[in-house]
Every structure is written in structure tokens, then in C-alpha cells.
Amino acid sequence: MPELPEVETTRRGLYPHLVGRRVTDVVVRRAKLRWPVAEELQTVLPGQVVNAIERRAKYLLVHTAAGSPLLHLGMSGSLRVLPAAVKPELHDHVDWCLDNGHVLRFNDPRRFGCQLWQAPGTLHPLLQDLGPEPLGDDFSGRYLWNLSRARKAAVKLFLMDQRVVVGVGNIYAAEALYAAGIHPARAAGKVSAERYDRLAAEVRRILAYAIERGGTTLRDFISPDGQPGYFEQELFVYGRAGEPCRLCGGAVRSVTLGQRSTFYCARCQR
DNA sequence: CGACACACCTGGATGC
DNA sequence: TGCATCCAGGTGTGTC
């Protein structure tokens, strides 16, 4: 369930358990993730102390003096810190053994995630073409408007393009467009500056709110429990095809855009 | 470049 | 109950 809020929640949850800890060993049970687990995870990481955990887009960078593991959770990945004695289960692909008797355990049924390596002083190629952080100062309605002028693609696909802005996945793209009153299939180049201002504001508001709500799942990193509960109740359109729009009562519709399900209200979004 | 289809993988829900 | 089909929160890659 990793969209940007979940990745940020993961970062915050891992921070107190990892920073200052030494990695003593790395156990790879299944190396074949989206890409093979980087060799450096086993040849360089053991012995290193974690200095910080950074999030860039939906990636996590675990900084050490010798380099930084670059992690992505894909569609189904999760990271937890557990006592080393807890037996690994199906799809627990990688363990980082820590110097306090715990392990950082990576579980990912679909294996779309990855564990790569960024050498000190370099920027990993996967991070090179990313757009601005949606919660940062470089992201604004004006920025979106400027970049979109010649674009014919649907505004939803534009918003989900990680070169345009990072971190907006299928759920939050639908929710932000709904909140901004913009039809997801509208050509990106035909959205006005004013409406992009609204859209940028809604993206920020919704992501920030979700991160705030994600905070309640921090305990999961020690004792796994249920899923974060914020979305089911708080989504306005995502996954609600056929159900009434919470504002106008009209039926929420579903269409496919860019091979992804897209939900919207035809009355509230133009 | 931009736009788009496809690929990667497993599991859960649904339908017959 | 068993089996086929469809769908899922991401994103790099290849083609036009």
C-alpha cells in the first residue's frame, strides 16, 4: 500500500529503530526483486552505522558512511523492525540484522520493490529525472501550468508522471482531481492556471493529511497489526464506482486512463 | 521530447 | 469445491 504517505510513514517509523544502529549482516532469501538486490547490500553494508533515512519520491535512502541503500516498496512491499527470533514468513525476502538483536525485514509478495545501492557522492540514476516533491517549495500551480501548456495527455496522467511531480499515485491523483473539481481525462494543456493553483493546493493538503493520519501506524513497525485505516473512510471517489458522490449525490464513475482505473464525479469535475 | 502499451509478479475477489 | 478470469497502491522500458 505504498503511496507517498505510506513511504513517509515508513521512514518516520523506521527512523528511531535504525538510526544509530549498526548493520551486522544482511540475509537475502530471494534476490530477484524488480532488480537483483545490489551486491553492496551484502559486501559493503555490514559493519556500517545508519546515519539517517531520507525519502525522495517513493524511494527511501538509508544513509551510511560507505553508501546508501536505495529502497522502493513497489506495489506490495513493506518494511518492519522485528526481534531477530521472529521466523520469516512467505515473501520475507531480505533481512538486515541489527546490533540490538532486531532485524529490518522486507516483505514484498509481488516483488516490484527493490534494494539498490547509491555510492557516496553520487545520485542514483533512478533519482535523476524526478520532478519536485509535492510538499516542497518547488511545487505550485504555476509550475504545473507552465509545464503543461503543450501537453495533450490527460491531466491525471500528467499529475502521475514522476518527472512532473513525484509521489502522486493512482489513489491521490483521483482524490486531488476530485477535490479540485477537474475532470481526470481533460487534456493537461487545457487546464487553466487558476485551476492548477487549486490542484496543487489540494495535492499538498491531501498528502499532508494522509501523512498525518499515517502516523497512527507507526506502532506497526514493532508489532504488526492491521492496515492503516485512513483511506477506506476518507476517500471521496477512489474505489467508489457506482456509489453516490459525497457532495452532489450523483454516481461516481469509473474509466480507464493509461491502463489504470480512474474514478470521478461527472457533475463535480469538469 | 511526448504519448502510449507493456512488462514485471503474486494473491484476493469474483464468477461459473 | 475447483478453476478461470480480472484486478490491485508503481514505474522502467520500448516503440512510434
Side-chain angles (χ1 to χ4, degrees), chain A residues 1-11 29-38 55-60 70-79 89-94 106-116 124-131 134 144 146-178 184-190 203 206-207 210-211 213-214 217 220 226-242 254-263:
Chain A
M1 42 219 60
E3 292 215 33
L4 186 147
E6 281 73 29
V7 178
E8 177 61 21
T9 297
T10 295
R11 188 190 74 79
R29 296 185 198 82
R30 181 101 182 207
K32 195 178 175 234
L33 305 180
R34 170 144 201 199
W35 294 282
V37 174
R55 180 189 58 73
R56 174 71 174 108
K58 296 170 192 164
Y59 293 92
L60 291 173
L70 176 66
L71 313 181
H72 198 290
L73 302 177
M75 293 273 260
S76 58
S78 62
L79 289 163
E89 298 178 4
L90 189 64
H91 306 310
D92 282 341
H93 304 309
V94 181
F106 177 67
N107 179 284
D108 186 7
R110 292 177 73 180
R111 287 187 278 129
F112 288 173
C114 61
Q115 296 212 4
L116 301 175
H124 195 282
L126 289 175
L127 305 182
Q128 278 172 11
D129 297 319
L130 294 176
L144 289 176
N146 281 337
L147 196 57
S148 64
R149 284 313 79 198
R151 301 293 192 99
K152 295 177 68 181
V155 62
K156 176 176 178 253
L157 299 181
F158 177 70
L159 188 62
M160 290 178 67
D161 184 338
Q162 303 297 296
R163 292 165 300 187
V164 173
V165 59
V166 301
V168 183
N170 201 34
I171 294 177
Y172 293 108
E175 294 296 311
L177 286 164
Y178 172 80
R186 174 174 289 271
K190 297 186 74 174
V203 166
I206 291 169
L207 290 178
I211 290 170
R213 306 282 277 144
T217 67
D220 288 1
Q227 307 297 332
Y230 67 84
F231 19 110
E232 271 78 10
Q233 312 98 21
E234 314 210 21
L235 293 177
F236 281 81
V237 287
Y238 184 85
R240 299 190 64 241
S254 168
V255 292
T256 298
L257 284 180
Q259 339 281 104
R260 313 297 298 277
S261 293
T262 299
F263 302 89

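Here is the naming used below: chain letters follow the sequence lines, and residue numbers restart at 1 for every chain.
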Mind checking side chain to side chain contact (heavy atoms under 4.5 Å, CB included) for [X] and listing every partner two or more places apart, or none if nothing turns up?
X        : answer
A/Pro109 : A/Ser76, A/His91, A/Asn107
A/Ala185 : A/His183, A/Leu257
A/Arg30  : A/His93, A/Arg111
A/Ser261 : A/Phe263

For this session: Only counting residues at least two apart or in another chain, list the ones meeting salt bridge (Lys or Arg N to Asp or Glu O under 4.0 Å) with A/Arg29.
Result: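 In terms of salt bridge (Lys or Arg N to Asp or Glu O under 4.0 Å), with neighbours along the sequence ignored, A/Arg29 is linked to A/Asp95.
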Problem set entry | Partner set under salt bridge (Lys or Arg N to Asp or Glu O under 4.0 Å) for A/Arg34, not counting sequence neighbours | none
For this session: Using the P atoms only, state how far B/dC9 lies from C/dG14, rounded to an integer number of Å.
Result: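 Approximately 16 Å lies between the P atom of C/dG14 and that of B/dC9.
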Indicate every side-chain donor-acceptor pair of residues 151-158 of chain A with a distance under 3.5 Å to a residue at least two apart or in another chain.
unit_1   : atom_1 : unit_2   : atom_2 : d
A/Lys156 : NZ     : A/Asn170 : OD1    : 2.6
A/Lys156 : NZ     : A/Thr262 : OG1    : 2.9

Exercise. With sequence neighbours excluded, what pairs up with A/Tyr178 under the ring pair (Phe, Tyr, Trp, His ring centres under 6.0 Å) test?
Worked result: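 Partners of A/Tyr178 by the ring pair (Phe, Tyr, Trp, His ring centres under 6.0 Å) criterion, ordered by chain and then number, come out as A/Phe236.
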Exercise. What pairs with A/Tyr59 under ring pair (Phe, Tyr, Trp, His ring centres under 6.0 Å), at least two apart in sequence or on another chain?
Worked result: A/His72
Exercise. So what does A/Leu4 touch, heavy atoms closer than 4.0 Å: a base, only the sugar-phosphate, or nothing?
Worked result: nothing
Problem set entry | Atom-pair distance (CZ on A/Arg110; C1' on C/dC6), nearest Å |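 The distance from CZ of A/Arg110 to C1' of C/dC6 comes to 12 Å, rounded to the nearest Å.
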Exercise. Could you give the OH-to-P distance, from A/Tyr172 to C/dG10, as a whole number of Å?
Worked result: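 Spelled out: OH on A/Tyr172 to P on C/dG10 is 10 Å.
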For this session: Convert the base pairs of DNA chain C into dot-bracket notation, remembering that pairs crossing earlier ones are written with [ ] and that bases paired across to another strand are shown as |; include only Watson-Crick or G-U pairs under 3.5 Å.
Result: .|||||||.|||||||
Exercise. Between A/Ser261 and C/dC7, does any side-chain N or O lie under 4.0 Å from OP1 or OP2?
Worked result: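 No.
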For this session: On DNA chain B, reading 5' to 3', which nucleotide is the first and which the last to sit with an atom under 4.0 Å from a heavy atom of chain A, could you check?
Result: B/dG2 to B/dG11
Exercise. Is a salt bridge present between A/Lys58 and A/Glu6, judged by a nitrogen-to-oxygen distance below 4.0 Å?
Worked result: no
Problem set entry | Pairwise 5' ranking along DNA chain B for A/Gly258 and A/Arg163, keeping only the more 5' one | A/Arg163
For this session: Using atom types as modelled and distance alone, determine if a side-chain donor or acceptor of A/Glu175 lies under 3.5 Å from a backbone N or O of A/Val237.
Result: yes
Seminar exercise, completed: With sugar-phosphate taken as primed atoms, P, OP1 and OP2 and all else as base, the protein-contact string of nucleotides 11-16 of chain C at under 4.0 Å (heavy atoms; B, S, -) is BB----
